[in-house]
Structure formats: structure tokens, C-alpha cells
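Side chains included, hydrogens not; waters and symmetry mates left out as well; all remaining heavy atoms used.
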Amino acid sequence: MAYYFTEPSRTFGEYLLVPGYSSSDCIPDKVSLKTPLVKYRKGEEDCPLSMNIPMISAIMQSVSGDQLAIALARQGGVSFIYGSQTPDDEAAMVKRVKTYKKGFVTSDSNLSPNATLADVIELKKKTGHSTVAITEDGSAHGKLLGIVASRDYRLSRMGLDLKVTEFMTPLSKLVTTSADTSLHDCNNIIWENKINSLPLIDGEGNLVYMVFRKDYDSHKENVNELLDANKSLICGAGINTRDYAERVPKLLAAGADVLCIDSSEGFSEWQARTLKWIRENYGNTVKVGAGNIVDREGFRFLAEAGADFIKIGIGGGSICITRETKGIGRGQATAVIEVAKARDEYYKETGVYIPICSDGGIVHDYHMTLALAMGADFLMLGRYFARFDESPTVKLRVNGSYVKEYWGEGSNRARNWQRYDLGGASKLSFEEGVDSYVPYAGPLAEGVQTTLYKVKSTMCNCGALTIPELQEKARLTVVSSTSIVEGGSHDVILKNNVNR
């Protein structure tokens, strides 16, 4: 006889948080949203990889391109570049994120002394960078002869055939430092000398790195910016259970900091095989999440298989129709609550804390706070991020309103059969996602900051200044259908609806 769950499968919309005592110190500006991204052992001071905000972007063609990855990392979260493209194309996206800004930069704009102003202009069009290193052999690590910056030439006054040696700033007039100078000292040198770039050279005069003022300024403007040890933005990437042996090495070579298996259902031998291959070839140095699951058994399976974080949710995404087409899934709130209990149980047994990610089911901003209160360490968001300028899709005007396109990985448009494959298919047998529009919401930074201020405010209402404290102090109540109506505007005539 089939097993029947006695409790109904509930969504976030069926819960509310009951406020707790808030002291005068409990204000949004004092709330920390820092959260672990990957597993760590009890007693370790720091998680190997944490985020400053509890948000990651969905592994979707219509969401997670390189521009969104840059924008989200600058706010403190992590984007997972979509894997439904060739390994080389995905790796190229990762590399663009990792080279967007750094502390120590290997120069990608280099010319030999035989080059001309025309070569400088052409190189600038290609790389987008205005600082060009002139080296003896034109390579990134050749003997440094000088620097050409935008201040060194004027197209209206100079011929394109003019040699760079005629207008470059020569080495003798450059401020440089040795290759072993710390980043902190480099930034001090830049500040004291009022320069925009600082070349680092070795004992033979060869260019090793460049340090740029704009990267320092950028970090000061984005205090939550998520960076690696070399001051590059943190970037994640999606993989599947089919071509991981080819894809994973290329993503790691491009600099990916963390991977995630992108699959509609994670309680499977295919995910265990993928995790086993990664551990056999890279040990624990490569961080990789797995999922999706919706119950205790699924969590235990992936935890024992070696996942660094585990995603929860089947069928709850706004463009997902898995529940309609296959009849499987679970209400997102119920799934998060059960898996959070399983995570805590596993932690007590083993001393290993495995973060859990709630993926799907977020309709309103307050649902994010509910998911965190129920035990999620962070949230994977698709529709939410698809609305912003930085998502890969085109902004359109439909019926008088601006929208952006948004489609599921299981839609006919994405044709991401690897995500839904159960071992034998080479194409989508039927659709598990739809093609749609979402309301345009402007730049990511403004939207995320507004949303997180709401989250912080609600946490203060619960007397919590951190996510773990929220999970400890939160009190949740199931709401009736009539109380949901009561919670919105009712029994009034809204001014916006008058004279329409």
C-alpha cells in the first residue's frame, strides 16, 4: 500500500510570522544577512565560502548570464551561470565574471613598441580597456617599456600611424612597484601618488601584474561585494549529470568558485555518480551543490553522496509545470520545514553542517523571510532576477507595459533535456516549463536593496539580527483563507482604480 503523508503540503502563502519582542538595538541597519554557502565542520571558525546576502540566481538561460553574475556578486550574492550551453561557452561566461575586476590583474591589453595609435584604438575596442602596457615583445609578461592611457593621445591631433613610443608614458616616468608588494600596499601607493594604475614588475623588469584604482573604488562603493582572495568576484556555474567529465574541468580552469548540479529531481543515482566523480578527481577542493529534493530521505541521500549544499523544491517555480504534467512535488513551505529538521539532525550526528537552499515558491518578498525563518540558509531565485536589467533577455513593451522574457529550462524554447533526463533521453519528451513575460523592474542593485530592507525589517519585528537568530526565535502560524483576504487592502475603493 502506498505511503500517505498525514499533513497537507503547504506553501509560503499559508504562513505568517508572529512578531516577537524587539529591543531598541534591533534596527535594520544592524542586521547581518551573512550565510554559509557550502558545508563546514563543527568547530571551524569560518565556512569555506559564505555569502553576504542569502540570494543565489537560478541556473537558467533567461536569468544567469555573466552580466547578472557580476551585478549579484557586487551585492553580496552568487549567480550560477546556466549550463544549457556548450562547456566552452559557459566557461567563457565564467571567465568574463572572474576578470571583470581583480586586485592583481594580468594585463590583457598589451602591445609591442612597433605598434601604432591605430593598434591602440583597435585593442581598446576589443578589450574595452583604456590602459595598454607596452612591453618589449608585446606580451602580458614582457619587459615593460611604458604605458598608454587615454590621457596620452588625442585622435583629433594625432595620426593613426604614429608609433606608441612617441606618445606613451615611458617607464622612467611611471610609478611602479615590485612583484611581491601586497595589495594593501599597492592601494596605498596608488592613493599617495594619485595614479589610476600601478604596474608590478620583477627583478628583470618584466611586467607581472597591474593594480587599478577603479577596482579599489568599486569595492568601497559596494560594501557587500563578494570577492575571492585575489579580489575577483565570486562566480558559480551549473553542471549536469551527463557531460560533467568534460564540463567541470573547463569551468574550474575559467575560475568558477562553486558548482551546482542542475536537475529537476536530485534523489537519483545520476547525481550520486556525478558527485563521486568530482570527489575522486578533485577531492573536497571543488565545492558543488546538488538537488532538488523535498524530504528528509532526499537530503540524507545527497548529504552522504558528498553535496556541499542541497537545494529544495520540485514544481514550485513560477514557470515550472512539473506538478501539472507529472504529478510529483511538494508544497515549498512543507518541504523546507522537513529538510531543515533533517539538516539539523545530520549536524548533531556528524558535526557537519550542510546549508540548504529553498528553490521556488517565492511570490512576494516576505516569502523570502518566511523561507529563512523555516530553516533555509539561502534562496535560489529565477523570476525575481529575470525582471532586472542585467538578466540576459530583451526588454519589451507589451500592452503598454515594459516586460522581460522569462522561460523555464523545461520549456520547448530552452530544450534543456539534460536537466530532466532519467537516463535514456536525448531530447525533451514533453515540456515541464512554460515561456512567459515578467514585469520589468529596473537595475538589480536597487531591487535587491529594497527587498533585503524588507527582510531586515521583518527580522527586527521578530527580535532577530542574524539569520540563525531568526530561525531560533521565529514563531509561525498557519493562516486561513479569510485571514489572507484580511491581510490585503479590503472594503475600500482604491484611488488607482477610480475612473479607469
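Using a 4.5 Å heavy-atom threshold, the side chains of Y82 and V63 count as separate. Looking at heavy atoms from C-beta onward, I261 lies in side-chain contact with V288 at the 4.5 angstrom threshold. Counting heavy atoms from C-beta outward, F378 and P355 have side chains that approach closer than 4.5 Å. Proximity of V339 to I293: side-chain heavy atoms (C-beta onward) are separated by under 4.5 Å at one or more points. Contact check for T106 versus Y209: side-chain heavy atoms found under the 4.5 Å cut-off. Using a 4.5 Å cut-off on side-chain heavy atoms (C-beta onward), M93 and Q85 make contact. You'll find the side chain of L381 reaches within 4.5 Å of the side chain of M55, heavy atoms only. A 4.5 Å side-chain heavy-atom check between L396 and Y402 finds every atom pair outside the cut-off.
Taking every heavy atom of both residues into account, E390 and L444 meet most closely at OE1-N, 3.0 Å. The two atoms that bring S358 and F12 nearest to each other are OG-CZ, 3.7 Å, heavy atoms only. Across all non-hydrogen atoms, the minimal contact from V479 to G13 is CG2-O, 3.8 Å. In terms of heavy atoms, F212 sits closest to I190 at C-CD1, 4.2 Å. The minimum heavy-atom distance between V78 and L72, with the atom names listed, is O-CD2, 3.4 Å. When all heavy atoms are compared, the tightest approach of V294 to I312 is CA-CG2, 4.4 Å.
Using a 4.0 Å cut-off between a side-chain N of Lys or Arg and a carboxylate O of Asp or Glu, E246 and K250 qualify as a salt bridge.
Note on ring orientation: taking the six-membered ring where Trp is involved, the planes of H364 and Y366 are parallel (angle under 30°, cut-offs 30° and 60°).
In this structure, the side chain of S263 does not engage the main chain of G266 through any donor-acceptor pair within 3.5 Å. Without hydrogens or angle criteria, S232 side chain to D228 main chain gives no donor-acceptor distance under 3.5 Å. Using modelled atom types, one side-chain atom of N193 and one backbone atom of I189 make a donor-acceptor pair closer than 3.5 Å. Put simply, the side chain of R74 never gets that close to the backbone of A71: no donor and acceptor are under 3.5 Å apart. Using modelled atom types, one side-chain atom of S391 and one backbone atom of A386 make a donor-acceptor pair closer than 3.5 Å. For the pair Q75 (side chain) and V448 (backbone), a donor-acceptor distance under 3.5 Å is absent. Using a distance-only test at 3.5 Å, with no hydrogens or angles considered, a donor-acceptor pair links the side chain of D377 to the main chain of I356. Using a distance-only test at 3.5 Å, with no hydrogens or angles considered, a donor-acceptor pair links the side chain of S457 to the main chain of Y453. Between the side chain of S401 and the backbone N or O of V398 there is no donor-acceptor pair closer than 3.5 Å. In this structure, the side chain of N52 engages the main chain of N224 through a donor-acceptor pair within 3.5 Å.
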| request: Under the side-chain contact (heavy atoms from CB on, under 4.5 Å) rule, what do M168 and D152 come out as? Steps first, then yes or no, please. | output: CA-CA 6 Å; M168 71 181 185; D152 292 317; 5.6 Å; no
| said: Is there a side-chain contact (heavy atoms from CB on, under 4.5 Å) between V403 and R397? Walk through the geometry before answering. | reply: CA-CA 6 Å; V403 298; R397 190 172 178 86; over 6 Å; no
| task | Carefully, step by step, assess M60 and Y406 under the rule side-chain contact (heavy atoms from CB on, under 4.5 Å). | result | CA-CA 9 Å; M60 301 174 69; Y406 179 48; 3.4 Å; yes
| query | Please walk me through it: do K30 and I27 pass side-chain contact (heavy atoms from CB on, under 4.5 Å)? | reply | CA-CA 6 Å; K30 292 186 177 182; I27 58 176; 3.8 Å; yes
| Worked check of side chain to side chain donor-acceptor pair (under 3.5 Å) between S57 and S64 | CA-CA 6 Å; S57 68; S64 295; 2.6 Å; yes
| message | Quick one, T131 with N196, criterion side chain to side chain donor-acceptor pair (under 3.5 Å). Give me CA distance, side-chain angles, the key distance, then yes/no. | response | CA-CA 9 Å; T131 300; N196 292 319; over 6 Å; no
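Counting only N and O atoms by type, the side chains of N240 and D262 include no donor and acceptor under 3.5 Å apart. Between the side chains of S130 and S150, no donor N or O sits under 3.5 Å from an acceptor N or O. Of the N and O atoms on the side chains of S109 and K124, not one donor lies less than 3.5 Å from an acceptor on the other residue. With hydrogens and angles left out, the side-chain atoms of S84 and Q61 include a donor and acceptor closer than 3.5 Å. Remark: the S62 side chain and the T393 side chain contain no N/O donor-acceptor pair separated by less than 3.5 Å. In summary, the side chains of N461 and T458 do not present any donor paired with an acceptor at a separation below 3.5 Å, with no hydrogens or angles considered. There is no side-chain donor-acceptor pair under 3.5 Å between T127 and D108.
Atom CD of residue E90 and atom CZ of residue R247 lie 5.0 Å apart, to the nearest 0.5 angstrom. Rounded to the nearest 0.5 Å, atoms CD (Q67) and OH (Y100) are 8.0 Å apart. Rounded to the nearest 0.5 angstrom, W407 CH2 and Y437 OH are separated by 11.0 Å. To the nearest 0.5 Å, atom CG of residue L155 and atom CG of residue L160 are 6.5 Å apart. Taking CG of D89 as the reference point, atom OG1 of T86 lies at 3.0 Å (rounded to 0.5 Å). If you take CD1 on I362 and CD on Q332, they are separated by 7.5 Å, rounding to the nearest 0.5 Å.
The number of heavy-atom neighbours closer than 6.0 Å to OH of Y353, taken from other residues, nucleotides and ligands shown, is above 12. Summarising the local packing, OH of Y440 is surrounded by more than 12 heavy atoms from other residues, nucleotides or ligands at distances under 6.0 Å.
For the pair R387 and Y384, the cation-pi test (distance below 6.0 Å, angle within 45°) is passed.
V97 pairs with exactly one of D257, I234, L233 by the side chain to side chain contact (heavy atoms under 4.5 Å, CB included) rule, that one being L233.
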